[in-house]
Each structure stands twice: as C-alpha cells, then as structure tokens.
Engineer: 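My structure is below; once you've seen it, I'll send some questions.
In the text below, chain A, chain B and the rest are named by the order of the sequence lines, each starting its count at 1.
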Amino acid sequence: MQENYDHAAVERAAQEYWQETRTFEVREDASRPKFYCLSMLPYPSGRLHMGHVRNYTIGDVLARFMRMQGHNVLQPMGWDAFGLPAENAAITNGVPPAKWTRQNIAYMRGQMQSLGFAIDWSRELATCDPSYYHWNQWLFLRMLERGIAYRKTGVVNWDPVDQTVLANEQVIDGRGWRTGAPVEKREIPTYYLNITRYADELLGALDELRGWPERVRVMQANWIGRSEGCEIEFPYAPDARAAAGAGGTLKVFTTRADTLFGATFMAIAAEHPLASAAAKTNPALSSFIAECRRGSIMEADLATQEKKGMPTGLHVLHPFTGAPLPVWVANYVLMGYGEGAVMGVPAHDERDFEFAHSNALPVVTVVRSASGAYDEVRAPWIPAYAEVGLTVNSGAFSGLTFQAAVDAIAAALGKQNLGRKRVHYRLRDWGISRQRYWGCPIPIIHCERCGQVPVPDSQLPVVLPEELVPDGSGNPLAKSPAFYECQCPQCGGSARRETDTMDTFVDSSWYFLRYACADAARTMVDSRVGYWLPVDQYIGGIEHAILHLLYSRFWTRVMRDMDLVKLSEPFAKLLTQGMVLNDIYSDQPAGARKRYFNPADVDVRRGADGAEVYEVTTAEGTLTVQHEGLGKMSKSEGNGVDPEGLIERFGADTARLFTMFASPPEQTLEWSDEGVQGASRFIKRLWHAVHEHALAGAAPPLERAALNDAQRELRRTAHQTLAKATDDIGRRRNFNTAIAAVMELLNAIGRFADASPQGRAVRHEALEIATLVLAPITPHVCHALWQGLGHTTALVDERWPVADSQALAQQAVEIVLQVNGKLRGRISVPVNCDEAVVRAAALADEHVRKFVADQPVRRVIYVPGKLVNVVV
RNA sequence: GCCCGAGUGGCGGAAUUGGUAGACGCAGCGGACUCAAAAUCCGCCGCCGUUAAAAGCGUGUCGGUUCGACUCCGACCUCGGGCACCA
C-alpha cells in the first residue's frame with residue numbers, strides 16, 4: 001500500500017478490476033433475492049451536472065449496499081434522447097440533433113464511468129434508437145385499436161410571426177421567445193391517450209404505495225382531483241335556441257348542486273360553441289373572444305390573469321324555476337375543463353362573487369350558515385360564505401343539509417332528464433402530439449380516401465430521418481417530402497405521413513421495462529420483466545413527482561391490460577431527491593434577450609452603500625449583473641456546476657462523498673464549493689490511518705473477553721457506527737448521518753493510541769468496519785484500503801457485516817435531570833437501574849435541589865433510560 | 001392564483017417515536033511543526049454575561065396544546081418545486 005493517496009491511480013485500478021471481471025453485468029438468478037435499483041434516465045444535454053451526480057450516486061450507494069446484503073442487483077442506465085434542447089442546439093450551431101445527441105451521450109457515458117457507478121452497461125439504451133421507439137409506435141397502434149389513443153382538437157401556443165407552435169418553455173412573458181410576438185391560442189388536431197379512463201385506479205392505488213413519499217402521493221391525488229358532484233343541464237331560452245339554430249341545453253358540472261337556486265348567471269369559455277354562435281351577430285363579443293385568444297395556454301398565466309367577462313345576450317332557463325339566466329363569456333372558464341361552462345352562484349363561490357360584483361349581477365343567498373357567521377351574503381367576501389349549511393330560498397328544497405339537498409336536487413333533475421350525479425376528475429387526457437422534429441414519429445398515414453390509417457406493423461418502425469436541421473420556423477418533417485410522401489396502406493393511393501412526433505414523456509413511460517430485456521429484438525418486452533420488475537428502488541428529482549410518474553403508472557396499466565406485463569405499479573419504492581440549487585445571475589440589456597451567467601464567473605463585492613454588487617468580466621469589459629436568487633441548476637439559467645473539474649482535482653470518491661454528505665437526499669442542496677476540501681481531507685485521513693496500521697504488520701486475532709476498558713470502548717464505537725450506518729442507509733436513506741458516524745469513528749481511532757497486540761486487533765476491526773461501511777459511498781478508495789488491510793478478495797464481493805450485540809452492551813447510562821422541563825443536571829446510573837432509585841437520586845441531586853428549593857414537588861416524570869423531570 | 005415542500009450558529013446540516021438543541025463537516029481564531037509557506041496535528045468556536053462560573057436568551061413570526069415543543073395544532077411571512085408542449 002502506497003503511503004500517499006493517489007486518487008487517479010486508485011480509481012483507475014478499481015474501475016479496471018470491475019470492468020475486467022464484469023462485476024455489474026447481471027442475469028436472472030432464482031437463488032438470490034433480486035434488487036432492481038433505478039435512477040431516472042438523464043437527458044443527454046452535453047455534460048453531467050451536479051443533479052446527475054447526486055441522483056446517480058444515491059442510486060449507486062443503494063445498489064452497492066444491497067449487493068453487499070446478498071441481493072442480485074440490477075442497475076441499468078439509458079438516455080432520454082429526444083427533446084427540444086437538441087433542436088435548439090441545432091438552430092444555434094447547425095448540427096443535426098441526432099449527431100449532437102449521440103456526441104453528448106458518448107461524452108456523458110465517459111463521465112459516468114469515471115464516477116465508478118455499478119452499472120450494467122450491457123443493457124444501455126437510448127430512446128432515439130429505432131430499436132427502442134419502434135415499440136412506442138407499436139404500442140400506440142395497439143392503444144388506437146382499443147380506443148385508448150384517439151384524435152381530437154387541442155389548444156396550443158401559436159407564434160403568429162413564425163407560424164409555429166411554441167412549447168410553454170418558449171413563451172416568455174406571453175411572447176414568442178424568438179420573435180417577441182404576443183402568442184395566441186390555436187386549436188389543432190392532436191392525439192390523446194385516455195389516461196382519465198384509469199383515473200380512479202391510479203388514485204385508489206396510491207394508498208398502497210407505502211414505499212412512496214407521502215408528499216408525492218398527495219400531489220398525485222390532488223392532480224387527479226376526483227370530485228363528486230352533479231352534471232346539470234340548463235335548457236336554452238328562445239334567444240339561445242335562435243342563435244344556436246336548434247334547441248339544446250347548456251351543460252355544467254358542479255360540486256355544489258345545493259346552491260342551484262342561487263345561480264344568477266352562466267359563464268362559458270370563449271371557445272364554447274354557444275359563444276361562437278352569439279358572436280356571429282355581436283361584434284363586441286366577437287372582439288372580446290378574440291381578446292381571450294391572446295396569451296399562452298399555461299395554467300399559471302390563466303389563473304393569475306384579470307377576470308373578465310362579457311354578456312352574450314343569450315339566456316338559458318333554470319331547470320326548476322324556469323327563470324331566464326344570462327349567459328356570459330368569461331376568460332377564467334376553460335374549454336378544456338369539464339364542459340367549458342359553469343353556473344355562477346355569487347353568494348357561495350368566491351370567484352363568482354367577484355365576477356358578479358364587477359359586472360353588477362344579482363347575489364342570492366341560498367345557504368344559511370351552520371356557524372351563524374352571516375345572515376345574508378353581502379360584500380366584502382368572507383370564507384364562511386362558501387361553507388356548507390342548510391338550504392334556504394330554494395323552493396321545495398329549502399331546509400336541507402348539504403348532502404340531503406344534493407341528493408334531492410339530483411333526483412329531481414334526473415326525473416326531468418336535466419341532470420345526474422357524476423364524478424369529475426381534474427386530470428385531463430394526455431395530449432401526445434408535438435409539432436416537432438426530434439421525437440418519435442406517430443405511425444399514422446393520412447389518406448384523402450381512407451382517412452386516418454395506421455402504419456401496418458410490418459412497416460414499423462417509422463424511422464425518423466436523422467440528417468435534418470431545424471431552423472426554428474416549424475417542424476422540418478412537414479417540409480420534407482421524402483418523409484411525408486407515402487402510399488396509403490389501404491388503397492395504395494398517394495397519402496401524407498403524419499409529421500407530428502410524440503411527447504418525450506412517452507419514451508420515459510416504459511424504459512424501465514425494457515432494461516429487463518434490452519436485447520429483445522422481436523418483442524417489446526419478454527418474460528424477464530417478470531423476474532426484475534417492479535423496480536425496487538426508483539430515484540429521481542422531485543420535479544418529476546407528478547407527470548413522469550403518473551404517465552409511467554398509466555402506461556404500465558395499459559400494458560397490463562394487454563397482457564404484456566403482469567404488474568400494475570412499476571415502482572415499489574421511490575426516493576425523490578431534492579434539487580441542486582445555485583444562484584442565478586442575469587443581465588437584461590435594453591431591447592435584447594436576457595443573458596445568464598454562471599455563478600463561478602460572478603464576483604461578489606460590497607458597493608459604496610454596503611449592498612452586494614455582482615460583476616462579471618467579459619470580453620467587452622466588466623458588467624454588473626442581477627442576482628435573481630436561487631434556482632435549480634439548469635442549462636437555460638446557466639447556473640450549473642461542472643463535476644468534471646471536481647473529479648479531476650479530487651477524484652470521484654471525493655465528489656461522491658461530498659454530494660452524499662452535504663445534505664439528506666430528499667432535501668434541496670444549495671451548492672457551495674467549500675466543503676469539498678473537507679471530504680477530500682477525510683479520505684486522506686482514512687488512508688493514512690490504514691497505511692500506518694498496516695505498516696506495523698498483520699494484527700493478531702481479536703480476543704473479545706480479554707479487552708481493557710479503552711479497547712472495549714473503541715469496539716463499542718465501531719459497532720455502534722456499523723449499526724447506525726446500516727439503519728441510516730438501509731432504512732432511513734440518510735447518507736449524511738451515516739458518513740458523520742464514520743467520521744466520528746475515525747476520530748475515535750485517531751485518539752486510540754494503543755499499540756499492544758489486542759489494541760491493534762481492535763483497531764484492525766474498527767478500520768475494517770469503516771472501510772466496509774464506506775464501500776458503497778467511496779468504492780474506489782475502499783477497494784484499495786481493503787487490500788491494504790491484508791485481504792486478497794475484492795471488497796465489492798464482501799458481505800455487509802452485522803453489529804455484535806455484545807460489543808454494543810453498556811454498563812451505565814446517563815440520565816438527564818430537569819426541573820419544570822429545564823435541564824438542570826445529569827447523573828449516571830447502571831443500566832436497568834430500579835425506577836425508585838433513579839427518582840430518589842434525581843431528587844437528591846444538588847442542582848435539582850437548588851432549583852426546587854423549598855417549593856413542594858407536584859409531580860415527578862420518569863422516562864426510562866432518558867430523563868427525570870421534577871415539576872414544582 | 002392553485003397543489004406540495006422547506007425555514008435551526010458565520011455556512012451545509014444533526015436531534016429517527018413530544019424528552020440533553022447545535023452531532024459531523026466547512027469557514028474563522030489561537031497554538032505546534034517549518035527558514036518560510038503549503039500540508040498535517042492539537043485547542044477554541046450560538047447569543048448575552050462573567051476573572052471564571054452561574055443565571056438568562058435562542059430552532060422564520062405570532063398565538064395555542066403539554067410536566068416538557070425544532071418536533072403537534074392555528075394564523076401569517078419568506079424561499080424552493082409543480083401547474084399538463086422543458087426534461
């Protein structure tokens with residue numbers, strides 16, 4: 001063993017050993033419990049960032065830990081290779097997305113390998129490979145056959161200058177990112193997947209996901225948003241009938257059917273057919289509807305915009321009283337939600353209340369407050385108005401509780417066929433069409449005679465041409481006759497291939513199944529899925545808590561219902577790592593696009609007034625920039641930290657150790673360059689401790705019964721460390737405290753200056769425990785240390801040790817003494833000391849007596865092994 | 001706007017089931033070693049106070065429950081994530 005720690009040599013040797021012995025390539029093995037450890041696959045953006053390092057190190061620690069616990073561990077890796085950034089890069093440098101993406105994959109694979117992850121690289125996949133997306137297309141066609149996939153119109157962001165659909169990310173302050181033109185909403189044909197068919201099951205099964213964080217389950221439940229209510233139909237009044245050209249009803253959904261008699265208006269979306277009908281003869285309404293088309297489709301924008309409305313001049317009839325109710329167009333009602341229409345009950349809904357007040361609509365109180373908070377609803381709004389109570393002013397339905405009123409009203413509506421109870425979900429069907437090039441082609445052919453024709457299975461995959469270069473003005477596939485010109489599979493006539501591609505969430509909705517059988521050439525999945533799945537531990541960013549995880553749960557169920565897999569839930573346990581945050585600095589020159597600067601390039605100094613000033617030195621000189629606060633490390637905000645420099649300078653083990661030590665995995669990690677030194681220093685100290693110990697030659701066997709107090713003490717510390725680390729890693733998934741415990745152990749070893757044979761035996765055991773416990777976290781240096789401790793076998797094949805309960809046994813325990821809950825003293829008592837003796841000792845303690853003085857003791861609370869609290 | 005989470009020393013964090021607040025590390029300060037520096041090793045390190053101690057204060061803010069609250073409850077503030085075409 002070398003005297004000095006050379007991270008480059010140590011890491012090279014360990015990685016070469018793992019590679020030569022193919023340590024991490026695994027096969028199905030019925031004799032051992034399997035453990036499928038999966039980290040979310042990365043987007044190949046160019047280089048790894050610290051979020052990747054954190055994510056994959058967490059996965060690797062667990063994979064290596066479970067391997068040492070005797071499991072057959074699968075840890076695969078792949079690339080979420082389709083997506084918008086590749087097109088953006090192409091626009092900037094003229095390089096085709098395929099080339100850019102594959103270069104990035106090669107580079108990032110190298111970076112991952114330098115971090116020493118225990119990955120089975122033989123299963124690597126990239127979602128842009130035709131051999132992968134072939135099965136996206138194949139399953140899409142099966143979904144189409146079953147009606148799970150279908151086509152209808154959808155609303156998108158439209159850049160009127162570039163004549164292009166914009167992603168939400170490309171809309172900045174309501175304007176197109178390249179043209180600066182105000183965006184508009186536009187309806188286009190879109191393929192949808194019928195996820196709402198599974199809404200109830202996806203919601204109900206959340207309860208069984210015991211291995212998922214509570215907050216993710218809550219977020220998913222709220223996202224699905226099941227609500228029980230009534231569908232109510234309001235018949236058209238003669239004016240509406242005339243405008244629509246036929247009779248009909250206006251359908252709404254409400255959870256508050258008990259307030260039906262308080263409805264004083266109807267609000268409909270700008271895109272609602274009745275709005276269009278009314279607009280034909282109403283220029284003011286027509287221009288209001290046009291105004292509603294402005295702006296993006298983002299919910300955050302819609303929810304914060306000023307609530308505006310305009311009357312259509314049309315009316316519908318109250319289903320019970322027959323009273324005409326005016327129909328308004330309102331910008332806060334969305335065509336995509338429910339029926340695109342709501343009934344306005346100003347007295348008992350805050351939004352309707354505000355709308356009625358700004359538009360001088362009547363307010364009718366129809367609920368009597370259960371708490372007596374009000375008699376009649378009047379401004380200003382108070383939350384009690386929205387609470388349920390007894391119905392009043394509601395004709396035959398007055399005097400009923402909430403549930404009784406809803407039941408009675410639903411029954412009465414049912415008799416007239418004007419309403420029924422219904423369950424409504426906030427969840428919407430999943431629109432998967434993207435008007436973009438770098439994605440999986442949707443395998444459809446549009447024929448003028450035959451309509452929408454699926455590409456026959458024999459012609460799959462529809463291969464994406466890889467040489468095109470997008471220029472930002474729309475989908476290059478739609479300008480490429482070589483791609484879209486084709487023959488109709490049904491009639492043989494000339495037809496046009498669909499040029500939309502699939503949402504990249506499709507790619508990531510089933511990749512975890514494919515790893516089990518990555519070499520299956522003729523099928524999407526095979527029986528090996530039955531061995532490896534479900535994923536035992538899934539690790540990824542909290543930002544994926546809703547969409548990716550929900551889509552994967554849905555997709556897995558669809559495949560289950562086609563008998564392709566047997567499971568419903570793909571991920572048994574989930575660890576959502578917190579984001580890695582860093583400061584965001586930007587500069588917005590007048591009339592130009594905002595620029596971002598990496599925190600590493602920003603100098604912070606104090607200005608004349610004491611406030612911090614942020615400066616960047618560029619080719620043009622020194623520039624003062626704005627500090628926008630903390631945000632997740634991202635390419636678009638230019639605040640990533642490149643781990644490569646860290647690895648070169650300190651080694652992969654230091655990078656891994658620091659990332660795991662800096663904060664617990666579920667918490668956000670605020671990046672700081674300081675602290676890396678500490679991790680490096682600790683590894684060197686451990687190296688020197690082992691080196692020095694090994695220099696003295698082999699230690700004699702440990703004689704447990706022949707130890708002195710100091711030797712027993714070090715042994716106890718070592719085994720306590722082992723017990724704590726086992727629990728911290730295996731159960732709590734808190735790596736920072738496991739590392740802290742090993743640091744304490746090393747401090748104790750450093751203080752232990754016993755050179756006697758048994759002293760050396762105890763130290764040897766303690767160093768072995770430290771090495772084994774750290775093996776999952778810093779595997780390279782531990783690989784070398786294990787050899788340094790005299791072993792000829794490889795550490796990676798070693799079993800995780802079990803703490804010796806005899807070594808843990810203690811003779812005395814410290815009892816905390818409190819008076820009125822405040823710490824006043826401590827005493828040491830034998831383990832299993834009689835309660836009466838502890839109480840007496842506590843009351844006799846001089847510190848306790850000082851604070852009790854002559855006051856009568858009212859109570860004495862005793863917590864065994866912990867404390868005595870004297871209450872006066 | 002809606003849903004979810006977080007807030008503890010100069011900094012990252014610990015306190016696992018309501019029971020010793022600040023483990024471990026970073027930074028800083030003092031010392032040893034050195035011609036010197038780096039590295040390494042030893043010591044100190046919440047605020048206030050004191051010769052030293054004791055006492056007092058202290059986990060975003062305000063209030064509550066409890067013998068006892070970082071932990072539970074209510075209200076609020078700030079920051080972060082998500083909001084369906086970024087991944």
Engineer: In dot-bracket form, how is RNA chain B paired, counting a Watson-Crick or G-U wobble pair only if both its distances are under 3.5 Å and using | for bases paired to another strand?
Structural biologist: (((((((..(((......[....))).(((((.......))))).((........))..(((((..]....))))))))))))....
Engineer: Listing time: all N or O pairs from protein to nucleotides 43-49 of chain B that are below 3.5 Å?
Structural biologist:
none

Engineer: Could you go through nucleotides 71-78 of chain B and list every protein N or O atom that sits under 3.5 Å from one of its N or O atoms, giving the distance for each pair?
Structural biologist:
none

Engineer: Tell me every residue that passes ring pair (Phe, Tyr, Trp, His ring centres under 6.0 Å) with A:Phe851, counting only those two or more places apart in sequence or in another chain.
Structural biologist: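 Result, ring pair (Phe, Tyr, Trp, His ring centres under 6.0 Å) vs A:Phe851: none returned.
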Engineer: Are any of the side-chain nitrogens in A:Glu846 or A:Arg849 under 4.0 Å away from the carboxylate oxygens of its partner?
Structural biologist: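 Judged by the 4.0 Å cut-off on N to carboxylate O distance, A:Glu846 and A:Arg849 do not form a salt bridge.
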Engineer: Using ring pair (Phe, Tyr, Trp, His ring centres under 6.0 Å) as the criterion, list what pairs up with A:Phe752, not counting sequence neighbours.
Structural biologist: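 In terms of ring pair (Phe, Tyr, Trp, His ring centres under 6.0 Å), with neighbours along the sequence ignored, A:Phe752 is linked to no residue.
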Engineer: Which atom pairs, donor and acceptor, lie under 3.5 Å between side-chain atoms of residues 862-872 of chain A and protein residues at least two apart or in another chain?
Structural biologist:
from, atom 1, to, atom 2, distance (Å)
A:Asn869, OD1, A:Asn820, N, 3.3
A:Asn869, OD1, A:Gly821, N, 2.9

Engineer: Could you work out, with salt bridge (charged side-chain N to carboxylate O under 4.0 Å, His left out) as the rule, every residue matching A:Arg553, not counting sequence neighbours?
Structural biologist: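 Result, salt bridge (charged side-chain N to carboxylate O under 4.0 Å, His left out) vs A:Arg553: A:Glu569.
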Engineer: Could you pull out all residues at least two apart from A:Lys684 that satisfy salt bridge (charged side-chain N to carboxylate O under 4.0 Å, His left out)?
Structural biologist: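 None.
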Engineer: With sequence neighbours left out, write down each residue that passes salt bridge (charged side-chain N to carboxylate O under 4.0 Å, His left out) with A:Arg751, or none if nothing qualifies.
Structural biologist: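 A:Arg751 satisfies salt bridge (charged side-chain N to carboxylate O under 4.0 Å, His left out) with no other residue.
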Engineer: Between B:rG81 atom P and A:Glu666 atom CD, what is the distance in whole Å?
Structural biologist: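 The distance from CD of A:Glu666 to P of B:rG81 comes to 17 Å, rounded to the nearest Å.
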Engineer: What residues form a salt bridge (charged side-chain N to carboxylate O under 4.0 Å, His left out) with A:Arg436, not counting sequence neighbours?
Structural biologist: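 Expected list: none.
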Engineer: Extract from the structure each pairing of a protein N or O with an N or O of nucleotides 23-32 of chain B at less than 3.5 Å, listing the distance.
Structural biologist:
from, atom 1, to, atom 2, distance (Å)
B:rA23, O2', A:Glu744, OE1, 3.4
B:rA23, O2', A:Glu744, OE2, 3.2
B:rG25, OP1, A:Asn747, ND2, 3.3
B:rC26, OP1, A:Arg681, NE, 3.1
B:rC26, OP1, A:Arg681, NH2, 2.5
B:rA27, OP2, A:Arg681, NH2, 3.2

Engineer: Name all residues meeting the side-chain contact (heavy atoms from CB on, under 4.5 Å) criterion together with A:Ala303; count only those two or more places apart in sequence or in a different chain, and write none if there are none.
Structural biologist: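 side-chain contact (heavy atoms from CB on, under 4.5 Å) list for A:Ala303, sorted by chain: empty.
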Engineer: Nearest heavy atom decides the nucleotide; on that basis, is A:Gly750 or A:Gln435 closer to the 5' end of RNA chain B?
Structural biologist: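 Per heavy-atom nearest nucleotide, the more 5' residue is A:Gly750.
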Engineer: Can you work out whether A:Asp728 or A:Tyr43 has the more 5'-proximal nearest nucleotide on RNA chain B?
Structural biologist: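 First, find each residue's nearest nucleotide; the 5'-ward one identifies A:Asp728.
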